[in-house]
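Written below as structure tokens is the structure these notes are about.
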Amino acid sequence: MPRKIVSMSVCVIIALSLFVGLPRSSSACGPCGSPDFMAGLWQKWVDGNTIQVYPGSLSVSGAMLSLMSAANCTLSGNLRTGESEAANRYYYLYVVNVNCSPIFKFSELAPARDVWGNVSGIEDGAGVGVGLYHPVENGWRYIGQVYNDASGSIMPFAKCYPGYWESEWTFFNTTGGVYISHALGALPKKSMMLFKSSLGDSSFVMTPYGSPGLSPTFGSSPRQWGGQASNTQIGWQFMDYVFDWGGTWRTSGYYKLILSL
């Protein structure tokens, strides 16, 4: 008796029809093969109270959630019940599974365990792709963080996800010992600095992607790190740099800081 063959194209059409049937603002929910899976869902700064989460999918306690279109989150409106806003404080962003929809919550409590309940913080897990969870709330998966500055506003940034943080192009006008704030949420293991003289410039110089304490090269001349880094600041010995590759020193301009674990 001949074996019945199911056309692969039919399977693909069925799968596509099921997916396309979802409106862009909805979410998909189902079992996930990897408990640590996460794709997309990186964040960017919008204003002093708002960030935007980009589309993506992740596993939350074994269930797959998908955000089909970008969503704005406010610190004041998405803060965990019982917590309040304060200046000079980190707030960590979590995804919560509510009826198969991804709901976003901020909390001043940093992630402290993996999906199995083992103790694991940002420095231990985020850099190697381990899904991290809220230390108190069940099923709250960590996806990023913001830093409320001295004025009580979210510090601007260009991109953030677990184990990665990137600043916007930021003006500086100084040389010598300089500290630059960041919001990686942990002590960075790798870092890079990009420099250009104005926002309109299409070219820039950059340091090698290395650990704090190395001697990166700005253009053609070595410039030393300050050798100091913390959970909130990177220290530089020099901020002047070679921009035009011809040897012209610049003592003001724009920098972009990229940090990772």
Side-chain angles (χ1 to χ4, degrees), residues 36 38-46 48 50-54 56 58 73 75 86-95 104-114 119-135 140-170 172 178-195 206-214 216 225-237 239 254-261:
D36 298 321
M38 176 176 169
L41 297 173
W42 55 273
Q43 306 102 55
K44 76 169 187 176
W45 180 86
V46 176
T50 311
I51 66 169
Q52 187 170 77
V53 182
Y54 275 66
L58 84 168
C73 300
L75 185 54
N88 300 313
R89 179 178 292 178
Y90 272 104
Y91 289 91
Y92 303 87
L93 184 62
Y94 294 89
V95 175
F104 301 100
K105 287 289 186 179
F106 283 106
S107 174
E108 63 188 43
L109 299 180
R113 56 191 175 90
D114 62 19
V119 175
S120 183
I122 294 177
E123 293 185 15
D124 299 323
V128 294
V130 172
L132 301 175
Y133 287 79
H134 195 279
W140 285 32
R141 181 166 175 183
Y142 156 78
I143 62 167
Q145 68 282 321
V146 299
Y147 187 74
N148 236 20
D149 62 21
S151 65
S153 298
I154 296 174
M155 187 171 71
F157 64 94
K159 189 173 185 177
C160 176
Y161 57 84
Y164 180 94
W165 186 85
E166 179 181 319
S167 75
E168 294 188 315
W169 285 106
T170 305
F172 76 92
V178 176
Y179 284 95
I180 298 173
S181 297
H182 70 81
L184 178 65
L187 185 66
K189 294 182 174 66
K190 295 180 180 180
S191 55
M192 180 189 296
M193 186 78 83
L194 311 183
F195 295 94
M206 64 182 179
T207 71
Y209 204 25
S211 301
L214 297 180
W225 275 94
Q228 299 183 43
S230 70
N231 287 6
T232 58
Q233 289 184 322
I234 293 289
W236 291 80
Q237 183 175 343
M239 277 290 284
Y254 292 81
Y255 71 85
K256 177 185 283 287
L257 181 64
I258 300 174
L259 302 175
S260 68
L261 296 175

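This chain uses plain numbering: 1 for the first residue, then up along the sequence.
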Can you find a side-chain donor-acceptor pair between His134 and Ser107 that sits under 3.5 Å?
-> yes
Side-chain heavy atoms of Phe106 within contact of Val146, under 4.5 Å = yes
Is Tyr94 close to Pro111 at the side-chain level, that is, under 4.5 Å between some pair of heavy atoms?
-> yes
Rounded to the nearest 0.5 Å, how far apart are OG of Ser181 and CE of Met155?
-> 5.5 Å
Find the distance between CG (Leu261) and CG (Leu187) and round it off to the nearest 0.5 Å.
-> 8.5 Å
Looking only at heavy atoms, the pair that brings Gly152 and Ala87 closest together is N-CB, 4.1 Å
Lys159 and Tyr164: side chain donor to acceptor below 3.5 Å | no
Go through the steps for Tyr90 and Tyr147 under the test ring-ring contact (aromatic ring centres under 6.0 Å, His included), then give the verdict.
-> CA-CA 4 Å; Tyr90 272 104; Tyr147 187 74; 4.9 Å; yes
Intermediate values then yes/no, side-chain contact (heavy atoms from CB on, under 4.5 Å), Leu257 and Glu166 = CA-CA 6 Å; Leu257 181 64; Glu166 179 181 319; over 6 Å; no
Salt bridge (Lys or Arg N to Asp or Glu O under 4.0 Å) involving Lys105 - partner list, sequence neighbours excluded = none
Smallest separation among heavy atoms of Glu123 and Ala186, with atom names | CG-CB, 3.2 Å
Note, Ile122 side chain near Tyr142 side chain (heavy atom, < 4.5 Å) = yes
So how far is it from Thr50 OG1 to Leu75 CG, rounded to the nearest 0.5 Å?
-> 9.0 Å
Taking every non-hydrogen atom, the tightest pair across Ala158 and Lys44 | O-CB, 3.4 Å
Going by an N to O cut-off under 4.0 Å, is there a salt bridge joining Arg89 and Glu108?
-> yes
Has the side chain of Thr170 got a donor or acceptor atom that lies under 3.5 Å from a matching backbone atom of Glu168?
-> yes
Does the gap between the ring centers of Phe157 and Trp45 come in under 6.0 Å?
-> no
Are the side chain of Lys256 and the backbone of Ser167 linked by a donor-acceptor contact shorter than 3.5 Å?
-> yes
With sequence neighbours excluded, residues passing side-chain contact (heavy atoms from CB on, under 4.5 Å) with Ala39 = Phe37
To the nearest 0.5 angstrom, please state how far the NZ atom of Lys189 sits from the CG atom of Leu259.
-> 12.0 Å
Where do Val119 and Arg113 land on the side-chain contact (heavy atoms from CB on, under 4.5 Å) test, with the steps shown first?
-> CA-CA 4 Å; Val119 175; Arg113 56 191 175 90; 5.8 Å; no
Kindly indicate, with the supporting measurements, whether the criterion side-chain contact (heavy atoms from CB on, under 4.5 Å) is fulfilled by Leu93 and Gln145.
-> CA-CA 5 Å; Leu93 184 62; Gln145 68 282 321; over 6 Å; no
Main-chain N/O of Leu132 paired to Asp114 side chain as donor or acceptor, under 3.5 Å = no
With a 4.5 Å limit on heavy-atom distance, are the side chains of Val130 and Asp124 in contact?
-> no
Atom pair OG (Ser191) and CD1 (Ile258), whose distance is rounded to the nearest 0.5 Å = 10.0 Å
Should Val53 and Phe104 be marked as a side-chain contact (heavy atoms from CB on, under 4.5 Å) after you check the CA-CA gap, both sets of side-chain angles, and the distance that decides it?
-> CA-CA 9 Å; Val53 182; Phe104 301 100; 3.9 Å; yes
Before giving the answer on ring-ring contact (aromatic ring centres under 6.0 Å, His included), spell out for Tyr133 and Trp140 the whole-Å C-alpha distance, their side-chain angles and the decisive distance to 0.1 Å.
-> CA-CA 5 Å; Tyr133 287 79; Trp140 285 32; over 10 Å; no
Compare all side-chain heavy atoms of Pro188 with those of His182 and state whether any distance is below 4.5 angstrom.
-> yes
Starting at CH2 of Trp169, measure out to CZ of Phe172 and round the result to the nearest 0.5 Å.
-> 10.5 Å
Does Tyr54 reach the side chain of Leu41, with side-chain heavy atoms less than 4.5 Å apart?
-> no
Closest non-hydrogen atoms of Ala126 and Gly163, given as atom of the first, atom of the second and distance, are CB-N, 3.6 Å
Mind listing the closest non-hydrogen atom pair of Asp36 and Arg141 along with its distance?
-> O-NH2, 2.9 Å
